[in-house]
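First listed ligand is number 1; within each ligand, the first listed atom is number 1.
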Amino acid sequence: MLDIQQYQQHVSQAAAYIREALPPGMPAPAIGIILGTGLGRLADVIEAEQTLPYGAIPHFPTSTVESHDGRLLIGHLDGVPVLAMQGRFHLYEGYSAHDITFPVRVMGLLGINTLLISNAAGGMNTHFRRGDLMLITDHINLQGINPLEGPNVEAWGPRFPDMSEPYDPALRALTKQKALDHGIRLQEGVYLAVLGPNMETKAEYRFLRQIGADVVGMSTIPEVLVARHMNLRVMAMSVITDECFPDALDPVSLDDVLAAAGEAEPKLTTLTRAVVSDVGTSVAA
Ligand code: HPA
């Protein structure tokens with residue numbers, strides 16, 4: 001069983017290490033970004049003043065997937081201080097829910113108040129097309145786990161956190177406005193997370209659509225639950241990497257998923273930069 005006191009200590013130690021590594025004079029960033037699928041290139045436009053490989057941070061989980069770099073970037077995005085996680089963790093890799101949300105706890109302790117997340121997802125809403133972006137308005141957790149299970153750390157948040165608005169309405173409105181400004185088509189809908197790693201059967205897609213989901217993926221919800229537990233504002237977007245229509249389902253390969261994510265990347269990067277720029281300015285004002 002998880003030793004929550006030890007876990008809490010590990011989070012504090014990791015946060016202390018990163019705090020020490022902040023460039024002198026740099027204010028602690030208010031914005032954290034998880035560079036999931038579709039946001040990898042955002043790392044190229046972040047002016048990193050400090051880059052910490054996950055392996056160097058005490059107790060940080062380290063990535064098993066070759067395509068994920070696994071480092072924490074501390075720097076500025078268009079002049080706004082940010083913390084960015086390049087490389088994230090999935091349950092299907094064998095990590096526990098507490099492992100994969102460890103970095104969110106650490107960023108929360110470091111003082112972020114806003115968390116931006118991206119992911120890849122299969123589109124079940126027939127109005128959505130491969131390569132579209134979707135703003136997440138709500139979610140359904142079918143992963144069968146919860147990172148908030150076990151003894152509650154009152155200093156982090158309440159035992160029974162509210163989930164009436166997990167995705168911040170003001171941030172959603174801002175993101176929609178920025179999408180309009182930049183002429184980017186932005187769908188909206190409900191993200192459902194499964195454990196993975198297999199894609200779904202036709203019968204599963206049919207079921208998941210019927211219970212109210214627009215897209216399905218294998219990440220994000222644990223991080224959102226922990227972020228909301230710590231009262232962070234969350235904005236998350238999905239890249240639709242495949243069309244999951246049960247009556248016309250084609251086999252999907254990882255290459256297809258990555259290709260669609262790559263095509264959508266410039267749109268997602270532009271939108272995220274625009275949001276960060278606005279949030280950063282309003283925080284500073
Ligand atoms: N199912 C689950 N996760 C996914 C999918 C999917 O079809 N596409 C991208 N991530």
[atom] - nearest protein heavy atom and its distance:
{"atom": "atom 6 (C) of ligand 1", "answer": "M199 SD, 3.3 Å"}
{"atom": "atom 8 (N) of ligand 1", "answer": "D242 OD1, 2.7 Å"}
{"atom": "atom 7 (O) of ligand 1", "answer": "Y205 OH, 2.7 Å"}
{"atom": "atom 9 (C) of ligand 1", "answer": "T241 OG1, 3.3 Å"}

If you count the atoms of ligand 1 from 1 in the order shown, which ones are under 4.0 Å from a heavy atom of C244?
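Answer for ligand 1: 7 (O).
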Heavy atom under 4.0 Å from ligand 1: found in V216's side chain, backbone, both, or neither?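 The part of V216 near ligand 1 is both the backbone and the side chain.
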- Query: Is there a nitrogen or oxygen of V194 sitting under 3.5 Å from a nitrogen or oxygen of ligand 1?
  - Reply: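 No, V194 has no N/O under 3.5 Å of an N/O on ligand 1.
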Salt bridge or not for D247 and R206, using N-O below 4.0 Å?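 Looking at R206 together with D247, the answer is yes, because their closest N to O distance falls below 4.0 Å.
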Supply the members, apart from L254, of the Ile/Leu/Val/Met/Phe/Trp/Tyr cluster built from side-chain contacts under 4.5 Å; use none for a lone residue.
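Besides L254, the cluster holds L258.
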Exercise: do H127 and Q187 side chains pair donor with acceptor under 3.5 Å: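 H127 vs Q187: no donor-acceptor pair found between side chains.
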Q) Do E93 and H90 have side-chain N/O donor and acceptor atoms under 3.5 Å apart? A)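 The answer is yes; a qualifying pair exists.
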Once ring-ring contact (aromatic ring centres under 6.0 Å, His included) is applied, do any residues pair with Y7, and if so which ones, sequence neighbours excluded?
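Y7: ring-ring contact (aromatic ring centres under 6.0 Å, His included) contacts with H98, F102.
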